[in-house]
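Here the structure comes first, spelled out in structure tokens, and everything after it is commentary.
Lettering of chains follows the sequences in order, A, B, ..., and the numbering in each one begins at 1. The analysis underlying the following values was restricted to heavy atoms, covering all of them including side chains, and did not include hydrogens, waters or symmetry mates.
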Protein chains: 4
Amino acid sequence: MSDAHMPPAHPFDDDKLREECGVFGLIGSADAANFVALGLHALQHRGQEAGGIVSYEPSQGFNSARRFGYVRDNFTSQSLMQTLPGSLAIGHVRYSTSGSKGPTQIRDVQPFFGEFSMGGAAIAHNGNITNADALRRELIERGSIFQSSSDSECIIHLMARSLQRDIPSRMEDALRRVEGAFSVVAMTRTKLIGVRDPLGVRPLVLGRVGDAWALASETCALDIIGAEYVREIEPGEMVVINEKDGVQSHRPFRPQRPRFCIFEHVYFSRPDSIIGSRSVYETRRQIGVELAKEAPVDADLVCPVPDSGTPAAIGFAHQSGIPYGMGIVRNQYMGRTFIEPTEQIRNMGVRLKLNVNRALIEGKRVILVDDSVVRGTTSRKIKEMILDAGAAEVHFRIASPPTAWPCFYGVDTPQREKLLAATMSEDEMREHLQVDSLRFISLDGLYRAVGEAKGRDAASPQYCDACFSGEYPVEPSDQIEKGFQLKTAAE
Amino acid sequence: MSDAHMPPAHPFDDDKLREECGVFGLIGSADAANFVALGLHALQHRGQEAGGIVSYEPSQGFNSARRFGYVRDNFTSQSLMQTLPGSLAIGHVRYSTSGSKGPTQIRDVQPFFGEFSMGGAAIAHNGNITNADALRRELIERGSIFQSSSDSECIIHLMARSLQRDIPSRMEDALRRVEGAFSVVAMTRTKLIGVRDPLGVRPLVLGRVGDAWALASETCALDIIGAEYVREIEPGEMVVINEKDGVQSHRPFRPQRPRFCIFEHVYFSRPDSIIGSRSVYETRRQIGVELAKEAPVDADLVCPVPDSGTPAAIGFAHQSGIPYGMGIVRNQYMGRTFIEPTEQIRNMGVRLKLNVNRALIEGKRVILVDDSVVRGTTSRKIKEMILDAGAAEVHFRIASPPTAWPCFYGVDTPQREKLLAATMSEDEMREHLQVDSLRFISLDGLYRAVGEAKGRDAASPQYCDACFSGEYPVEPSDQIEKGFQLKTAAE
Amino acid sequence: MSDAHMPPAHPFDDDKLREECGVFGLIGSADAANFVALGLHALQHRGQEAGGIVSYEPSQGFNSARRFGYVRDNFTSQSLMQTLPGSLAIGHVRYSTSGSKGPTQIRDVQPFFGEFSMGGAAIAHNGNITNADALRRELIERGSIFQSSSDSECIIHLMARSLQRDIPSRMEDALRRVEGAFSVVAMTRTKLIGVRDPLGVRPLVLGRVGDAWALASETCALDIIGAEYVREIEPGEMVVINEKDGVQSHRPFRPQRPRFCIFEHVYFSRPDSIIGSRSVYETRRQIGVELAKEAPVDADLVCPVPDSGTPAAIGFAHQSGIPYGMGIVRNQYMGRTFIEPTEQIRNMGVRLKLNVNRALIEGKRVILVDDSVVRGTTSRKIKEMILDAGAAEVHFRIASPPTAWPCFYGVDTPQREKLLAATMSEDEMREHLQVDSLRFISLDGLYRAVGEAKGRDAASPQYCDACFSGEYPVEPSDQIEKGFQLKTAAE
Amino acid sequence: MSDAHMPPAHPFDDDKLREECGVFGLIGSADAANFVALGLHALQHRGQEAGGIVSYEPSQGFNSARRFGYVRDNFTSQSLMQTLPGSLAIGHVRYSTSGSKGPTQIRDVQPFFGEFSMGGAAIAHNGNITNADALRRELIERGSIFQSSSDSECIIHLMARSLQRDIPSRMEDALRRVEGAFSVVAMTRTKLIGVRDPLGVRPLVLGRVGDAWALASETCALDIIGAEYVREIEPGEMVVINEKDGVQSHRPFRPQRPRFCIFEHVYFSRPDSIIGSRSVYETRRQIGVELAKEAPVDADLVCPVPDSGTPAAIGFAHQSGIPYGMGIVRNQYMGRTFIEPTEQIRNMGVRLKLNVNRALIEGKRVILVDDSVVRGTTSRKIKEMILDAGAAEVHFRIASPPTAWPCFYGVDTPQREKLLAATMSEDEMREHLQVDSLRFISLDGLYRAVGEAKGRDAASPQYCDACFSGEYPVEPSDQIEKGFQLKTAAE
């Protein structure tokens, strides 16, 4: 069922893969919801469509607020934040899933809440459940009423039907039925809970500020509240935290070799976050270094496609010795789509966000460093703007391998046939984009940049790189049922 | 769990009993939702806090819009109404239940929707389920997740767990488990369904406009869409209407003697509605006539307390021969509470709504005719305003018997100890209000006014009059569990 | 110049004449703006489109808030009212003038403010300046910049150009240049000022509450703040009030015989207001009495057209002995226009506001008492509804003489050719409305009802009755220039 | 007078000087207002508080819309833009002036409009009138009513009082009375007008797109609409453009040596704009080069303070050979102030906008390159964050000379005593900021970077550099009257 609601415009480039969610939770400090608001603000790049916070305070029970739009525009109001008291709170920011029909409803916005006979629980989920359709059918058949179109709601219904007597055990029961990628932050009346799936596809970190504990998708959200980064939640680990006993670790799943999402390094995570013990910024700079080694070119200027191409461009310029310069300038005030004036403006959509620094570009051989090519539509427009400004040559260098497969683990990707790299070779793409050269970093080069000195272990890859390799560590069963074709031996 | 939301101010007198809901449904005409919006507008007096509409259109499925505030302020927008296409729609207007803690949430606003394995269904409910707490506990124990604090949600969960293969049969299953008062309007993808509980406590009528069928709480909602009043849905009847076969009648419950709510005649229903074949206006005028016979008084002016006391005052004036006049004038622009100026204003709250027509009142012996006395707070303030304006005497005549018991069948009543008549005799009330005389119509007088020539049949009353008599036709089991004391033999 | 703004829908009958403004001011009590908000709420019937308040507090200077919509929806917010501190404030509610093209702008909303060399002043004006176009042209020629399309703004520009050294004297200068009808409430940093034009066409009254003084369009606005009604400001009088010296009276104009607007008695003022020493309600009841004498008819029911026809209907019923009854019921929740469902509804606009009490009407000969007939569109629809409900006969009795001329003194009237009575005789109107009989009260009858025992003094009428008689006490010079034809000797 | 309005939060650093306005106008293409909206969007960095557009269309006259907030949030709505038809439009974006008491009112938002006897005109002004107080006093004395607190309104009142018969001539009359800095874009019913003050302090450029002409504060606003940059409007020039005759140039003022604002190069203008024939980006990069020559330091990392320090940091790194890196990362989702959680967070305000890239900073000797130091509050917080992250040394290099004097020509500067450089020497500032070294570029170095090979001509400076030198090319007479002390010979 769809509820009447005006969808927010997407302010950002739809020619990117997009992380679909960020999660944050805190226990042990008064006004926990204010910390959560700050944490979600720092995670806003992981989901701009909507956000929600649930808090618990003994005399007032659970309270919740869910809003469309940015965290800064909603969860900064005194009157709203006063409705979210207590020293325990969790929150969520989200994107819509590309597959869903129609606009997101407010009831699709997490955290989800369920009242069980032993008390209530709220959960927020980053990731995607690959057997959600089958689970939903089964649950409806047995009498569950779904309130949202979100796959994540399955978890709370599975918990409701568990026969365990306490909520963490019910959550273990539920998550054992679930396939796919998930980093979950949840809360009961007294506990903050964090879980990562056995492969650890999506990130989740633990922090400490004063006597309080925090869980967050990325370390940048710990920084904003002044919390110290303690460690990652490990793949397959469940931590249960209460104010008295602190952090207790459980291992509800059968151990497997981890497969962290390598694209978090390339694009999703903020450059000031730390993954494991590696700086995301440094990894991206190193990708630029590798790229300059793998695909050098004689040119006058290394120019990042802002802002995500910047660290790799710095690395490329440093390694190649070619001067680095801001040939493209970003408008800080991006937003809704303007109405096109009668007189057609070429590339108007791109001009709202980017402008070429003509005086710098004119007459130069320019290397454009971008993080990825998805549909290729933006790359083509940028190339045209650069040529219009009088560049002598345009060379694209891409800080990730060709994106040839959709992600089913919590990332918004177009259908496979819309991915440029799914239907074209590197050379065909160069032809299509009409640039002087186009090179992607190799999969091995990427692995080296993230610290795997020997590159990718083809027999047992160290990361989930399905979007590049087509090798899916968890079978996307709902998608296969809908007709998705796995990679064949021939490919 | 409570969701952050600013509660709307109640523009109306909180010294009245309040009907909690109105329902409306229509099948068989394009843009059914527009008819529903009109019908709900005509039923706005039955619930001013919020309203919702669900419609169904084959290519777009079920659509829903739920909003706080008046129907006229929400369901008049072209952009909203376009999201509710189709030739089948139902709607609901509601008040908050006094018993609930905290403000109403948007998720408490009906119609409720459930997706079953054989398709979706939406329901809107007027009434109250007296065993809802017990049902909810049982359903949660078995794994249902409730999304609202509304008792009505039990129905949709009971339907989800029914083993019947079609939705009307699941609804029968569900309603047989439910105790209390209910008039339900529901819809599937192809059917409009109406049901009244076996006692027929709350109203529900059937109308026809062109090829379309309508269900409504009152006939005034048929008038506004130009529909013809066909008949009442009978107590214990379920009608299932589809476009092809028209109205089919079922009898899912064990037959019982009907007990329609007599207070619908006294106050809840609009004076231009017809109940059975009686005009509500005429009944109220007749109450005034009976009252003038039962409790005459020598005076100069019969003055209604606007607007609900008007028909009885007209009847009282006609019967007594004492001139009728508008001694109290109502401000049409009532609304939110104003900020009190520093200098205290006596009876400011009342003055926002009512003003005394001093020139008419001065020096006169005034009979004030009001529909009921609940807490007595407003009666007291009105009396003071009348005396301040120079009235020589003030006589209250009340068009209902003393309200001494709470209603548990879908009416918002204060706790018993807050009811003036629960703790005082008529004489003590007169003393408390400090008026020259105070008389209520007798229970028999009221029955005569609604057409029962011999008055009330004490052995087997023709109506539900629990608020006056303390005789509850359905045991309020949830309330008893919470400590409510039924009337004892001694009372 | 027009500023982008969505015009509010007019919730009320556009088949009525409409007062265009109400004014209120208070000096001498902390938080004067809160009193003003209450006063404007009581005057809301005089203007529903927008309202404004200006206050003065020594440390913060003048503050202002102007808003579209009802007083209750704007000036009840703590955050807004805190921006209007001080013990001196004035306010205004307004309608748009029918003649203006396009929607009202917020800058057209009064009070208007001007900064002069000796300090600021704010004014609020009820009435209409009949030489405003000429004044505006002259002022623009001399270099004044108008910020609104309102005629009232001329006053503040004339004040700015006066050579007087104090603001009250500048206001005298300005108002001596102005022709037409005006009741002005104004304020400086220390004074509250009230003025009525020499004919006293529009009302203005003085009240007292504690140590504070209030000025208001009607006494009902004194009642709501608990103020005592002191007296009317007299025609041609200017009162200047400060906290220390109280009320000082000036006579800036050449004395003339007063010509108060008789339509204030008929319709504009609230029935609970007092004009001079006469109750408006009692006058209207008396009109009904006169009407029953002048135009009796044999019938079964006297039914008011709610709500404005009610007092006259009570008087008619009392005088004629025919029973009084509510044959038409008003929906209290009127508002914006609903979207018409596909299937056409007859008289939908009227049904949103009124419904017929079919059970009372059926088979009866009905006398409908209404306050006035302007375009006749609503009268016709009401007649149809009454006949559809089965009335045997319909007789209209109108509590004012035929409205045959537009008002140019602050009342929203259609152009002359749109007035039914401008083009038809009483008999032709009866024919046009297709009713069994139609009678208006005579002009003499109306004068008798307002207390002029000998009726109208044709040589020197006691009231302004231009809308009935075509005799304009102030020449409407702007209108004549635009082509308006005064009454000829032949008419 | 102040009108009740909630001030928008300033999302940006209040430790910067801020340009107060941007202007844009277009003639000769249908839907000119849509172009203006795009142009203002590109100029949003020049004023974020509010924006306004006026358009003219023969059949509908002048239309206007003024809104608080970003252009992208207001002037992108179809319903709003449809109210602004026509092929001629102008617009304005603005900041509040720091000197004004209280929040900006919507009536302070430009363009301003005046109706003259020969027709209307609208004007938008970038700059500041240094004799506005005196002009305003004189105009009020003579009977003008000001509607805003804006200095710019003087221009329209002076025009209203001119005896010239056409609007351009009236504008010449008015501007000859005005002292200070102004770039004005104005329109009549048929003409687009652009004027720069005789010194040309503020920028204004001319562009062409198809048959249409555009005027804009910066060339980046021409780029966004695909217009070609034709030339600068020259200091002291007035251009009058109509659809038929194109651009006509006038010289209403006595010629003077130009003094363009040098801070436009340093900070105000966007890096992708061109001033004269110089790229702003290239100038800033060159400042970094000069700075590296003037003030070299042995270090490990050159890190820009984002985003305005970036070009100079690139230049500094290039010249010094020290690696360039993003040690500070900016949060793209800045916005309103969050509520501080109970547990104090150090430097929370800064953390909302910036985060340190700890892995890059740790153990390094860091050169921070910033564009300017105003109050020094942000510099201090950034230094603390860098040290907290483990930097070994912190060296500040500032891309402008010490800002020791307020600007009175349309830039928002704190009072002189709040400027760090007004009260401290460079060495005292280093001490105050507790950094290892602090160096500003010299005034001569800055002049060299903007292309003046011989540096500043002390006898007759080529630019307005009053904020650095204290030498004001136009006497700030209003300020002197309020007590501002000009630089003494001793200083």
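We find the CD1-CG distance between Ile328(D) and Asp272(A) to be 11.0 Å, quoted to the nearest 0.5 Å. The line from CZ of Arg358(D) to CG of Asp223(A) is 6.5 Å long, rounded to the nearest 0.5 Å. Separation of atoms NZ (Lys353(D)) and NE2 (His41(A)) is listed at 10.0 Å; rounding is to 0.5 Å. The distance from atom CG of Asn355(A) to atom OG of Ser273(D), rounded to the nearest 0.5 Å, is 8.0 Å. The CE atom of Met326(D) sits 9.5 Å away from atom CZ of Arg284(A), with the distance rounded to the nearest 0.5 Å.
For chain A, no part of Asp388(D) is nearby; none of its heavy atoms comes within less than 4.5 Å. For Arg270(A), the part lying near chain D is the side chain, with the backbone staying farther off; criterion is any non-hydrogen pair under 4.5 Å. Contact of Ile314(A) with chain D is made through the side chain alone, with heavy-atom distances under 4.5 Å. Contacts between Leu360(D) and chain A at a heavy-atom distance below 4.5 Å involve the side chain alone, from C-beta outward. Contacts of Val71(A) with chain D are made by both backbone and side-chain atoms, with heavy-atom separations under 4.5 Å.
Heavy atoms only, all atoms of each residue included: Pro271(D) and Val329(A) are closest at CG-CG1, 4.0 Å. Heavy atoms only, all atoms of each residue included: Thr76(D) and Ile339(A) are closest at O-CD1, 3.7 Å.
Of the possible donor and acceptor atoms, none in the side chain of Tyr281(A) sits under 3.5 Å from a partner among the backbone N and O of Asn357(D). Listed for the Arg351(A) side chain is no donor-acceptor partner under 3.5 Å among the backbone atoms of Ile225(D).
Sparse packing is recorded around NE2 of His318(D), with 12 or fewer heavy atoms of other residues, nucleotides or ligands lying under 6.0 Å away.
Interface remark: of the candidates Ile224(A), Ile274(A), Asp31(A), Thr219(A), Ile224(A) forms the most heavy-atom pairs closer than 4.5 Å to chain D.
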